[in-house]
Amino acid sequence: MGRPRWPAPCRTPTPTPSPGCSRSRSVIVRSVCCRAWKLMRRGAWKAVPHKEFRMTRDYWRKKAVRDHAAATGRTYLDAASSMRTTQPGGVALASDLHDSLAAGLDTAGWPVEIEHHPEATGLRLYAGPATISVERQNELSSFTGDEHPDDPDTFDLSMPLRVIVWAPLVVDFSEELGRVRGVDAHEIPASGGVSRIIAEIDRVVGQARQRDHADTAVDTDCAICGDSYPASALLEPTTTRVSVCPACAFDGDLLGAHPAQLAFQLDQAATTNLALAAGWAGMQALLCCLGGGEFHTWLTQEWTAAGTVFRPLEWWHDPGKTWIWLPPADRRPSVFADFGCGASLKDIAAAIDQAHPDLRALSRANRADEVSEYLDDGESDDLDDTTLERIWPAAVAYTVALLTQKTERPNHRTPWHVMESFELAEWVDELESDLDYYQVESVLGVAIPTILHALDPVDQEI
């Protein structure tokens with residue numbers, strides 16, 4: 001699948017994807033700009049008789065629920081649940097399993113986004129690169145899509161629950177691989193309990209990434225460093241439309257920094273390709289840290305002005321939501337022993353802080369040692385406190401993501417030449433960031449080696 005092109009600017013966005021971001025039909029109908037479109041993932045919108053869409057279907061019951069919701073301030077689904085005064089003994093509720101899975105995945109380090117309304121007769125949640133649906137095992141012959149799996153008027157609640165998993169967010173057929181990428185509707189019985197379900201989700205997602213990574217041809221060179229990658233792993237960070245690897249995204253030889261285009265391409269790549277190079281998580285976190293709290297809003301405005309109907313993913317709100325792939329369990333630092341195939345930047349950073357609470361202070365000391373020989377007596381070039389705290393998550397993301405990338409590409413050059421490629425003045429200007437680019441570069445330059453040596457003392461490449 002070719003890389004989605006950043007659309008040419010137009011005066012007003014059209015209600016359908018512009019030619020600049022056109023994709024295969026299955027990708028467009030389930031695009032990330034509208035969660036409802038993902039109902040097409042399993043052919044959920046089957047042709048049904050017109051009467052199924054009538055507003056009068058179960059009119060009185062639904063009206064009573066709406067009245068109860070208005071009177072109590074509850075959501076429609078909460079009101080409907082509270083009005084069910086009788087339930088069969090021992091019934092397993094999808095909503096309970098849905099809540100337990102969300103809590104369990106969050107505890108396991110997965111960044112979780114919850115859908116509170118049913119989609120395609122299931123209760124959805126999104127964990128890292130995976131979509132998870134809690135459903136009843138009995139299928140409906142026809143449905144409108146908003147049926148709740150705990151509704152006794154629609155489902156036989158004695159039927160067992162199941163969990164369906166897809167990954168990445170948009171599952172599609174790959175002509176290059178000759179098969180569907182990632183995980184396509186993997187079914188997990190709910191009878192095993194939440195811990196086993198989460199372990200199985202982790203297993204199938206991790207194995208799917210390894211399989212896709214191994215089967216994808218490495219046949220395209222980064223335009224800056226010349227290292228070979230799959231074509232789908234190279235993105236275009238600037239207006240010059242030069243394709244580069246994660247280690248070279250901010251290289252000084254690239255002119256015309258275009259953060260909105262780079263974020264757009266990363267969203268499209270990450271939601272369609274489970275085997276995307278791990279190092280891009282570092283770039284994602286750095287853009288978030290530079291953009292600050294309003295970065296998602298800024299991206300939305302930039303994308304709208306460019307004429308695309310796609311909207312930025314939730315992870316642009318907070319660098320802590322960045323998904324980072326981790327090395328295999330037998331080749332990862334011990335600090336990550338409790339995580340699965342990946343985890344959120346928030347949880348990874350917390351694990352590092354717990355194991356190595358002095359890394360920020362050590363970074364300051366290392367910085368002082370580096371610059372001492374260039375300073376006259378009485379001069380200082382200390383790291384700015386605000387910049388250090390704000391950019392620290394990006395340093396963690398780069399370190400861990402590139403450590404994973406190094407492990408996954410043992411026959412290629414290591415990616416630590418990234419330390420020669422942080423030239424951020426133009427990027428800071430484009431983002432109108434309140435940070436000083438020199439201080440940002442200084443933090444990255446000292447924090448990444450400090451974190452790496454704490455995680456992997458044997459690795460002395462930087």
Side-chain angles (χ1 to χ4, degrees), residues 103-112 127-130 195 198-199 201-203 205-207 209-210 213 246-247 277-286 288-289 315 318-367 383 388-410 414-416 418-419 443-462:
L105 286 162
D106 180 72
T107 300
W110 295 64
V112 177
S195 297
I198 293 175
I201 292 171
D202 180 78
R203 184 190 69 81
V205 171
Q207 288 185 355
R209 172 174 168 81
Q210 293 177 10
H213 193 276
W280 285 114
M283 179 281 298
Q284 176 189 332
L286 181 54
C288 278
C289 292
W315 59 22
D318 175 8
K321 295 181 179 180
T322 303
W323 172 258
I324 301 179
W325 295 104
L326 292 171
D330 59 343
R331 286 179 285 169
R332 66 174 57 173
S334 59
V335 68
F336 304 137
D338 293 336
F339 292 126
C341 62
S344 71
L345 173 55
K346 173 179 69 71
D347 288 283
I348 286 174
I352 293 175
D353 282 344
Q354 183 175 4
H356 305 282
D358 60 341
L359 286 184
R360 289 172 181 78
L362 185 57
S363 295
R364 290 184 180 282
N366 289 341
R367 169 68 174 175
L383 297 178
L388 177 62
E389 287 305 314
R390 188 156 143 189
I391 298 300
W392 186 264
V396 171
Y398 262 110
T399 307
V400 178
L402 291 180
L403 190 59
T404 300
Q405 184 168 306
K406 172 190 172 183
T407 304
E408 293 179 333
R409 291 164 49 88
T414 63
W416 300 121
V418 69
M419 302 305 298
V443 169
L444 294 171
V446 70
I448 292 175
T450 302
I451 298 168
L452 176 62
H453 295 162
L455 296 178
D456 187 4
V458 177
D459 195 331
Q460 298 294 323
E461 293 187 55
I462 58 174

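Here the structure is a predicted model, which is why all the values come from computation and not from measurement.
- Rounding to the nearest 0.5 angstrom, the gap separating the SG atom in Cys341 from the CD1 atom in Ile201 is 10.5 Å.
- Considering every non-hydrogen atom in both Ile391 and Cys289, the closest pair reads CD1-CB, 3.9 Å.
- Summarising the local packing, CG of Asp358 is surrounded by more than 12 heavy atoms from other residues, nucleotides or ligands at distances under 6.0 Å.
- Side chain of Arg332 to backbone of Phe339: a donor-acceptor contact under 3.5 angstrom is found.
- In this structure, CZ in Arg331 is found 13.0 Å from CG in Asp456, a value given to the nearest 0.5 Å.
- Between the CD1 atom of Ile348 and the OG1 atom of Thr322 there is a distance of 9.5 Å, given to the nearest 0.5 Å.
- Remark: Pro246 engages Tyr229, Ala277, Trp280, Gln405 in a side-chain contact (heavy atoms from CB on, under 4.5 Å) (not counting sequence neighbours).
- Proximity of Glu408 to Gln210: side-chain heavy atoms (C-beta onward) are nowhere separated by under 4.5 Å.
- To the nearest 0.5 Å, the span separating CG on Leu383 from CD on Glu389 amounts to 11.0 Å.
- Counting only heavy atoms from C-beta outward, the side chains of Ile451 and Tyr398 never approach each other to under 4.5 Å.
- Counting heavy atoms from C-beta outward, Met419 and Pro449 have side chains that approach closer than 4.5 Å.
- Listed by chain and residue number, Trp110, Trp325 satisfy the ring-ring contact (aromatic ring centres under 6.0 Å, His included) test with Trp323 (two or more places apart in sequence, or in another chain).
- Side-chain contact check for Asp353 versus Leu359: every heavy-atom pair is 4.5 Å or farther apart.
- Leu402 and Gly279 make their closest contact through CD2-CA, 3.7 Å (heavy atoms, listed as atom of the first residue, atom of the second, distance).
- Of all heavy-atom pairs spanning Leu326 and Gly340, the tightest one is CD1-O, 4.0 Å.
- Side chain of Arg367 to main chain of Val443: no donor-acceptor pair is present (N/O by atom type, distance under 3.5 Å, no hydrogens or angles).
- Considering every non-hydrogen atom in both Val205 and Ala130, the closest pair reads CG2-CB, 4.2 Å.
- Closest approach of Pro319 and Leu345 over heavy atoms only: O-CD2, 3.2 Å.
- Here the straight-line distance linking atom CG of Leu403 with atom CD1 of Ile448 works out to 12.0 Å at 0.5 Å rounding.
- Heavy-atom minimum distance, Ala394 versus Leu286: CB-CA, 3.7 Å.
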Can you list the steps and then say if Leu388 with Arg364 is a side-chain contact (heavy atoms from CB on, under 4.5 Å)? CA-CA 9 Å; Leu388 177 62; Arg364 290 184 180 282; 3.5 Å; yes

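- Rounded to the nearest 0.5 Å, atoms CG (Leu455) and CD1 (Ile352) are 4.5 Å apart.
- Contact annotation: the side chain of His356 never approaches that of Leu362 to less than 4.5 Å [non-hydrogen atoms, C-beta and beyond].
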